[in-house]
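Fair warning: this is a prediction, and the values are worked out from it, not measured in the lab. Heavy-atom basis, side chains included; hydrogens, waters and symmetry copies ignored.
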Amino acid sequence: MAGLTLVTGGAGSGKTARLVALAAQHYEVDRFAPLLVLVPTARHADQFRRRLVERAHAVFGLDVATLNQYAQRLTSGRMLSRDVADELLQRVTQERAHGDGTASRFRPIVHMGGLHALVRAAVNDLVADAVDPAAFEASARATTDLDLRALADVYAAYRAALDARTARHPAEAAALAASPVAGGEGTPPPLVLIDGVQFLRGGEVALVAALAAVADVWISLDPDAGARSRWTAQELARRVPGAHTEALDATGPAAPIEAATAADDEAQLREIARSIKAWLDADRALRPSDFAVVFRRVTPHLALARRVFHEYGLPLDPAAGERLAERPLGAWILRLLRLPVHDWRLTDVLDVCGSGFMDARRHGFAGGTLERLRRIGRKHDLWGGLEPLGRIPEAIEQEIEAEKAGDPGSGRAAGVALTAA
């Protein structure tokens with residue numbers, strides 16, 4: 001019977017176990033019954049398959065895939081490749097940046113790869129959530145954020161370029177797959193289980209709603225995990241009238257707390273890795289993503305942790321917050337702010353101006369100009385201080401005069417430096 005059931009509960013409440021039990025019960029009736037299980041990652045697919053086989057022993061007709069893999073099956077041949085989509089988006093961004101629209105705000109930095117990376121990430125999110133370009137433009141116009149308005153301009157132009165080519169962005173796969181499901185193409189099996197998702201994108205919600213119209217769909221979800229999870233639960237309930245909710249409570253005693261000591265950082269990490277391996281060996285239902293390792297300060301231990309966990313065959317997905325001053329941009333900003341503290345040393349000023357974080361072309365620095373200024377400052381003992389730095393144009397004039405007089409110690413460098421100054 002078609003419909004949707006949300007199995008809700010917090011961590012450790014047994015949501016996955018409930019879906020595994022449902023699948024096992026499904027195969028007790030018919031070992032060859034078709035079953036579709038959708039999960040977020042390939043690793044989760046392996047874990048779900050293992051847990052089901054351990055419980056039901058023999059299953060046939062089982063199809064375990066990620067949401068993206070399933071969507072790609074239904075939209076095969078209708079999507080652009082990731083590389084082609086990225087190239088088209090970059091071309092549209094450049095065209096809009098050099099036009100007269102709001103995207104012209106991006107013109108000074110359109111030649112930088114960082115802009116295109118940020119635009120690509122934003123457009124992927126907008127496409128995956130099936131955001132309408134006109135609605136996004138209207139929302140952007142209602143704000144005072146000029147960057148958001150520029151992004152809306154690019155997004156609308158990009159979607160128009162896709163429509164003109166009758167092409168679709170790769171992130172649209174889930175939303176696009178909803179149509180064939182609703183139209184009877186690629187009919188899913190009578191039972192569909194969706195496990196391990198923290199939240200769904202807009203296109204994925206549309207796909208789940210389409211599946212629930214033709215199959216009995218069960219999905220595990222924790223609506224209290226965050227705003228996106230709550231939105232997912234509410235949107236599914238809105239899209240699928242009559243959806244049921246099966247709430248689970250955490251069961252079992254509270255986890256015990258153990259304390260241990262180690263000789264040094266490496267010994268401590270190895271003990272943690274061994275403990276995780278022991279848990280995984282003792283309970284095949286567990287997966288590495290069920291474990292979290294918390295440090296007071298993770299950055300000093302990150303490289304060592306990567307090496308140790310790699311030796312034990314454990315994946316490590318660090319979420320480390322670095323101090324801004326420890327990153328290249330932070331170090332440059334710190335050096336810029338410290339120029340007055342260090343009495344405006346000429347070498348520091350030139351190093352700040354020569355950094356890749358400053359657009360040299362925008363400020364008229366030709367190739368080699370900064371190094372020539374460094375030589376002139378050294379020759380005229382202009383090492384630092386606002387007053388000595390203010391005499392640099394005079395020193396450049398002297399170098400030009402010396403060049404005209406035929407002084408071999410000066411040269412064309414002074415004339416070029418004067419232009420930049």
Checklist outcome for this item: Heavy atoms of Tyr70 and Pro188 approach each other most closely as OH-CB, 3.8 Å
Output a table of donor-acceptor pairs, distance under 3.5 Å, between side-chain atoms of residues 336-344 and any protein atom two or more places apart or on a different chain; print 'none' if there are none.
residue	atom	partner	partner atom	Å
His342	ND1	Arg345	NH2	3.4

Checklist entry - Which atom pair, heavy atoms only, marks the closest approach of Leu346 to Gly377? => result CD2-CA, 3.6 Å
Item to check | Spacing of CG belonging to Asn124 relative to CD belonging to Glu172, to within rounding of 0.5 Å | outcome: 11.0 Å
Checklist entry - Ignoring hydrogens and geometry, is there a side-chain-to-backbone donor-acceptor pair from His26 to Leu22 under 3.5 Å? => result no
Item to check | Side-chain donor/acceptor of Tyr155 to backbone N/O of Val131, under 3.5 Å | outcome: yes
Next on the checklist: I'd like to know if the side chain of Tyr27 reaches the main chain of Phe60, judged simply by a donor and an acceptor atom lying under 3.5 Å from each other, with no hydrogens or angles considered.
Outcome noted: yes
Checklist entry - Roughly how far, to the nearest 0.5 Å, is the CG atom of Leu35 from the CG atom of Asp63? => result 8.5 Å
Checklist outcome for this item: With sequence neighbours left out, the residues meeting side-chain contact (heavy atoms from CB on, under 4.5 Å) with Asp351 are Arg335, Arg374
Checklist entry - At their closest point, which heavy atom of Trp332 faces which heavy atom of Val352, and how far apart are they? => result NE1-O, 3.0 Å
Checklist outcome for this item: Interatomic distance, CZ@Arg51 vs CD@Glu54, rounded to 0.5 Å, equals 9.0 Å
Item to check | Separation between CG of Leu316 and CZ of Phe291, rounded to the nearest 0.5 Å | outcome: 14.0 Å
Checklist entry - Considering residues at least two apart in sequence or located in another chain, which fulfil the side-chain hydrogen bond (donor to acceptor under 3.5 Å, both in side chains) criterion with Ser220? => result Asp195
Checklist entry - Hey, does Pro190 have a side-chain heavy atom less than 4.5 Å from the side chain of Pro34? => result yes
Item to check | Verdict with reasoning, Leu4 to Ile219, per side chain to side chain contact (heavy atoms under 4.5 Å, CB included) | outcome: CA-CA 8 Å; Leu4 176 66; Ile219 178 171; 3.9 Å; yes
Checklist entry - Please walk me through it: do Tyr158 and Val119 pass side chain to side chain contact (heavy atoms under 4.5 Å, CB included)? => result CA-CA 11 Å; Tyr158 176 63; Val119 170; over 6 Å; no
Checklist entry - What salt bridge (charged side-chain N to carboxylate O under 4.0 Å, His left out) pairs are there with at least one residue in residues 135-149, not counting sequence neighbours? => result Arg105-Asp147
Checklist entry - Listed by chain and number, what are the side-chain hydrogen bond (donor to acceptor under 3.5 Å, both in side chains) partners of Glu266, not counting sequence neighbours? => result Arg270
Checklist entry - Distance-only, no hydrogens or angles: does the Lys15 side chain make a donor-acceptor pair with backbone N or O of Gly9 under 3.5 Å? => result yes
Next on the checklist: Is it the case that the side chain of Arg307 and the backbone of Ala303 share a donor-acceptor pair, with hydrogens and angles ignored and the cut-off at 3.5 Å?
Outcome noted: no
Next on the checklist: Nearest 0.5 angstrom please: Phe106 CZ to Met112 CE, how far?
Outcome noted: 13.5 Å
Checklist entry - Does the side chain of Leu52 reach to within under 4.5 Å of the side chain of Gln47, using non-hydrogen atoms? => result no
Checklist outcome for this item: Residue set satisfying salt bridge (Lys or Arg N to Asp or Glu O under 4.0 Å) with Asp46, at least two apart, ordered chain then number -> Arg49
Item to check | Sequence-distant partners of Arg82, salt bridge (Lys or Arg N to Asp or Glu O under 4.0 Å), two or more places apart | outcome: none
Checklist entry - Quick one: are Val217 and Val240 in side-chain contact, heavy atoms under 4.5 Å? => result no
Checklist entry - Hey, mind stepping through Asp222 and Arg230 against salt bridge (Lys or Arg N to Asp or Glu O under 4.0 Å) and telling me if it holds? => result CA-CA 8 Å; Asp222 180 8; Arg230 284 193 297 274; over 6 Å; no
Checklist outcome for this item: salt bridge (Lys or Arg N to Asp or Glu O under 4.0 Å) filter on Asp224, not counting sequence neighbours, yields none
Checklist entry - Do the side chain of Arg120 and the main chain of Gln90 share a donor and acceptor less than 3.5 angstrom apart? => result no
Checklist entry - Is Ser229 reaching over with its side chain to a backbone N or O of Gln198, donor-acceptor style, under 3.5 angstrom? => result yes
Next on the checklist: Looking at every heavy atom in both Leu80 and Val84, which two are closest together, and how far apart are they?
Outcome noted: CD2-CG1, 4.0 Å
Checklist outcome for this item: Sequence neighbours excluded, the answer for ring pair (Phe, Tyr, Trp, His ring centres under 6.0 Å) partners of Phe295 is His301
Checklist entry - Going through the distances and angles, do Leu236 and Val205 end up as a side chain to side chain contact (heavy atoms under 4.5 Å, CB included)? => result CA-CA 6 Å; Leu236 284 172; Val205 169; 4.0 Å; yes
Item to check | Closest approach of Ala209 to Arg239 (non-hydrogen atoms, all atoms of both residues) | outcome: CB-CB, 3.9 Å
Item to check | Neighbour count above 12 (heavy atom, 6.0 Å) for Glu311 CD | outcome: yes
Next on the checklist: Holding to side-chain hydrogen bond (donor to acceptor under 3.5 Å, both in side chains), I want the full list of residues that pass it with Glu271, two or more places apart in sequence or in another chain.
Outcome noted: Arg274
Checklist entry - Hey, are the side chains of Val7 and Leu248 touching, using non-hydrogen atoms and a 4.5 Å cut-off? => result yes
Checklist entry - How far does NE2 of His98 sit from OG1 of Thr93, to the nearest 0.5 angstrom? => result 11.5 Å
Item to check | Check: Val64 and His44 side chains under 4.5 Å, non-hydrogen atoms | outcome: no
Checklist entry - Can you list the residues that meet the side-chain hydrogen bond (donor to acceptor under 3.5 Å, both in side chains) rule with Arg238, with sequence neighbours excluded? => result Glu235
Checklist entry - Can you name the residues that form a side-chain contact (heavy atoms from CB on, under 4.5 Å) with Thr66, not counting sequence neighbours? => result Asn68, Gln69
Checklist entry - Between the side chain of Arg201 and the main-chain N/O of Asp129, is any donor-acceptor distance below 3.5 Å? => result no
Checklist entry - Is the closest side-chain heavy-atom distance between Tyr312 and Ile276 below 4.5 Å? => result no
Checklist entry - Counting distance only, does the side-chain N/O of Ser104 pair as donor-acceptor with the main-chain N or O of Asp100 below 3.5 Å? => result no
Item to check | Leu176 and Met79: CA distance, side-chain angles, deciding distance, side chain to side chain contact (heavy atoms under 4.5 Å, CB included) verdict | outcome: CA-CA 9 Å; Leu176 197 62; Met79 316 297 296; 3.6 Å; yes
Checklist outcome for this item: When every non-hydrogen atom of Leu115 is compared with those of Val110, the smallest separation belongs to CD2-CA, 3.6 Å
Next on the checklist: A side-chain contact here means heavy atoms from C-beta on lying under 4.5 Å apart; do Leu38 and Val208 qualify?
Outcome noted: no
Checklist entry - Can you find a pair of side-chain heavy atoms, one from Leu373 and one from Ile396, that are under 4.5 Å apart? => result yes
